[in-house]
Amino acid sequence: MKNKIKKIIFIFFLSINLQADLIGIPGEIIAIKLNEKINKLHDNDLVINFNGNEYAILPVPYSANDTVIKKGSYSIKVKKKDFGESRITITNPSMVDLSKSDSDRAYKESLLIKKALNTFTTNISPSLNFISPVEGIISSRYGKKRFINDKPRSPHLALDIAASEGTTIIAPSSGRIILVGDFFYSGKYIMLDHGKGLISSYSHMSEILVSIDSIVKKGDILGKVGSTGRVTGPHLHWSVYLNKERINPESLLKRNYLDLLLKASQDSI
Ligand SMILES: [Zn+2]
C-alpha cells in the first residue's frame, strides 16, 4: 500500500516536471540545445549554430503571475517577477479618452503593426548582441505596471530612454525597415526586421531618416528622438519582439549576451 502511494506521488511529480519542461522569466529569452530527439520545436523558431551545436532561441512571454505557457510540443513555466510600477499623468484628455475617429485611427494603426509583426525573413540572420539605439537615461523599464492618471493600463513592455529632442537614434543591430508611420500613440514610428522573427520598433521620433525597405547596418542612423504621439516628454520608446512576443530590450544590451544565453541553455525536454 505504502509503495503504491509512493508510486502515485512519483508519477504526480513526474507529470508536473513534464508539464513545464522549461523555466523562464517574463520577457527574457531562453535557449534550448537541440539533439537527435528534439531537432525542431516549431517551424518559425530561431535556431543558432554554435560550436557544432544547434540551439533554439525562444521568447518567454510576459505574464504578471506564475503560469505555464504551452507552445507546440513544449511548455514554459513562467516565473512571476516584480517589475514595479510606473505612474504617468497625461493632461490632454483627448489623448486618454479617445474620440471615435481617434480610436478608429489607433485601431487601424494597430492592425498595420500586427501585420508587420508577421514578417518572418529567412534571408537575414539576426545577431543577439545589440548596442543601445540612443545615448540617454533609462526612464521606464520593461514590465512595469502602468497607471495613466491613476487608472491601470497595459504593462509597459518596452524600454524608455529619455534624451533631448533631436538626439540621434542608431540601429542596434542590422536589418531592414518594414514599417514607417506617423501613428496616434507611437508618433513617428519605424519597425526594423532583424530576421527570423526578431523585430524592433522605435516610437515618438521627431524625424525619421530611413524609408521603407532601407537596409541598415548596426550603428546606422535611423532618426532622431522626439515627442510625437502620446508622450510626457522627449524619449525613445524601444520595443523588441521575438516571434511576436515583446521581450526585454535591455537584455540584448548585455555584453556577450549570446554567449551568456547559450551557457544557460536548457536541454531538459
Ligand atoms: Zn515607453
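No experiment lies behind these values; they were computed from the predicted model shown. Counting starts at 1 for both ligands and their atoms, following the listed order.
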* Can Lys79 and Asp66 be counted as an ion pair, charged N to O under 4.0 angstrom? -> no
* Asked: Is there an N/O/S atom in His235 that lies less than 2.8 Å from the Zn ion (ligand 1)?
  -> no
* Are Ile215 and Leu192 connected in the hydrophobic side-chain network, where two residues link if heavy atoms are under 4.5 Å apart? -> no
* To the nearest 10 degrees, calculate the angle at the Zn ion (ligand 1) involving OD2 of Asp160 and NE2 of His156. => 90°
* Asked: Does the Asp160 side chain pair with the main chain of Arg141, one donor and one acceptor, at a distance under 3.5 Å?
  -> no
* **Main-chain N/O of Lys188 paired to Thr228 side chain as donor or acceptor, under 3.5 Å** => yes
* Minimum-distance N/O/S atom that His237 presents toward the Zn ion (ligand 1) -> ND1
